[in-house]
Amino acid sequence: MEMWIHRRMQRISWKEKVTNKKVLESIGLQRPELLLTIQRRKMKYYGNLRRHDSIQKRILEGKIDGRRGRGRRRQTWLGNIQETSQMKMCEVCETALDRRRWRTVTAHLGDGMAPS
């Protein structure tokens with residue numbers, strides 16, 4: 001959606017072979033801002049869930065009995081958090097409990113800095 005808007009603002013037709021990278025360079029961005037904002041808010045919300053005992057936390061940590069269906073595994077919300085933070089799941093859970101450390105992790109999402 002965001003890339004479509006950038007292309008429309010610059011009047012780049014969908015028929016033209018212009019990469020997303022070139023479109024972003026022409027407006028002075030390195031990566032789509034909307035995606036980064038969504039990732040940051042998702043990480044902040046996960047930290048909030050981890051620190052408080054709520055029904056959402058119980059649902060997030062719950063396991064479902066039974067057999068897995070055919071085909072590729074579906075992406076999980078926790079798997080996405082782990083991928084975004086570039087940390088192991090046990091590190092993510094531990095870091096989210098400490099508000100200061102979690103804020104530094106979420107603040108440096110788009111910087112390319114390694115989380116500590």
Side-chain angles (χ1 to χ4, degrees):
M1 170 69 182
E2 186 174 1
M3 290 306 301
W4 180 80
I5 292 170
H6 290 313
R7 286 175 183 274
R8 293 286 296 164
M9 288 189 324
Q10 294 181 355
R11 297 180 185 194
I12 299 172
S13 170
W14 62 273
K15 294 177 185 177
E16 296 177 38
K17 301 285 185 188
V18 180
T19 64
N20 288 344
K21 187 175 181 180
K22 289 189 179 188
V23 172
L24 290 173
E25 285 175 359
S26 66
I27 56 175
L29 294 174
Q30 291 182 348
R31 79 186 268 194
E33 290 293 318
L34 183 61
L35 180 63
L36 187 61
T37 303
I38 291 169
Q39 287 175 341
R40 277 198 179 124
R41 287 184 180 184
K42 193 173 188 178
M43 295 287 284
K44 287 179 182 181
Y45 183 62
Y46 175 73
N48 189 41
L49 285 179
R50 264 322 268 167
R51 286 188 296 275
H52 301 288
D53 190 29
S54 63
I55 186 93
Q56 293 96 337
K57 181 179 179 180
R58 291 182 190 158
I59 291 170
L60 193 64
E61 294 173 346
K63 299 284 183 188
I64 298 172
D65 294 332
R67 294 179 47 187
R68 187 173 70 84
R70 292 177 49 188
R72 181 172 55 178
R73 288 189 170 196
R74 292 185 179 199
Q75 288 187 342
T76 62
W77 204 76
L78 288 176
N80 188 261
I81 295 291
Q82 182 180 359
E83 182 182 319
T84 303
S85 67
Q86 300 174 347
M87 300 165 77
K88 294 179 182 175
M89 201 61 215
C90 58
E91 290 178 72
V92 170
C93 292
E94 186 180 312
T95 306
L97 292 174
D98 182 9
R99 183 173 285 172
R100 282 189 182 156
R101 282 178 49 198
W102 192 247
R103 280 185 180 170
T104 59
V105 169
T106 56
H108 296 296
L109 268 182
D111 302 348
M113 294 178 61
S116 55

Novice: Quick one, His6 and Ile12 - any side-chain contact, counting heavy atoms below 4.5 Å?
Specialist: no
Novice: Going by distance alone, is a donor N or O of one side chain under 3.5 Å from an acceptor N or O of the other, for Arg101 and Thr95?
Specialist: yes
Novice: Where is the tightest heavy-atom contact between Arg40 and Ala107, given as atom of each residue plus distance?
Specialist: NH2-O, 3.4 Å
Novice: Is there a side-chain contact between Met9 and Ile27 (heavy atoms, below 4.5 Å)?
Specialist: no
Novice: State, to 0.1 Å, how close Gln10 and Val23 come at their nearest heavy-atom pair, and which atoms those are.
Specialist: NE2-O, 3.8 Å
Novice: Give a yes or no answer on whether the side chain of Gln82 reaches the backbone of Lys88 with a donor-acceptor pair at less than 3.5 Å.
Specialist: no
Novice: Could you check whether any side-chain heavy atom of Trp4 comes within less than 4.5 Å of a side-chain heavy atom of Trp14, counting everything from C-beta outward?
Specialist: no
Novice: Within the structure provided, determine whether Ile81 and Lys42 are in side-chain contact (heavy-atom separation under 4.5 Å).
Specialist: yes
Novice: Taking atom NZ as the centre, does Lys57 end up with more than 12 heavy-atom neighbours from other residues, nucleotides or ligands that are less than 6.0 angstrom away?
Specialist: yes
Novice: Is Arg51 reaching over with its side chain to a backbone N or O of Ala96, donor-acceptor style, under 3.5 angstrom?
Specialist: yes
Novice: Under the 3.5 angstrom rule, does the side chain of Arg50 hit a backbone N or O of Tyr45 as a donor-acceptor pair?
Specialist: no
Novice: Kindly assign one of parallel, tilted or perpendicular to the pair Tyr46 and Trp77, based on the angle between their ring planes and the thresholds 30° and 60°.
Specialist: tilted
Novice: Give a yes or no on this: more than 12 heavy atoms of other residues, nucleotides or ligands lie within 6.0 Å of atom CD of Glu16.
Specialist: yes
Novice: Taking all atoms of both residues into account, what is the closest heavy-atom pair of Glu2 and Glu33, and its distance?
Specialist: OE2-N, 3.0 Å
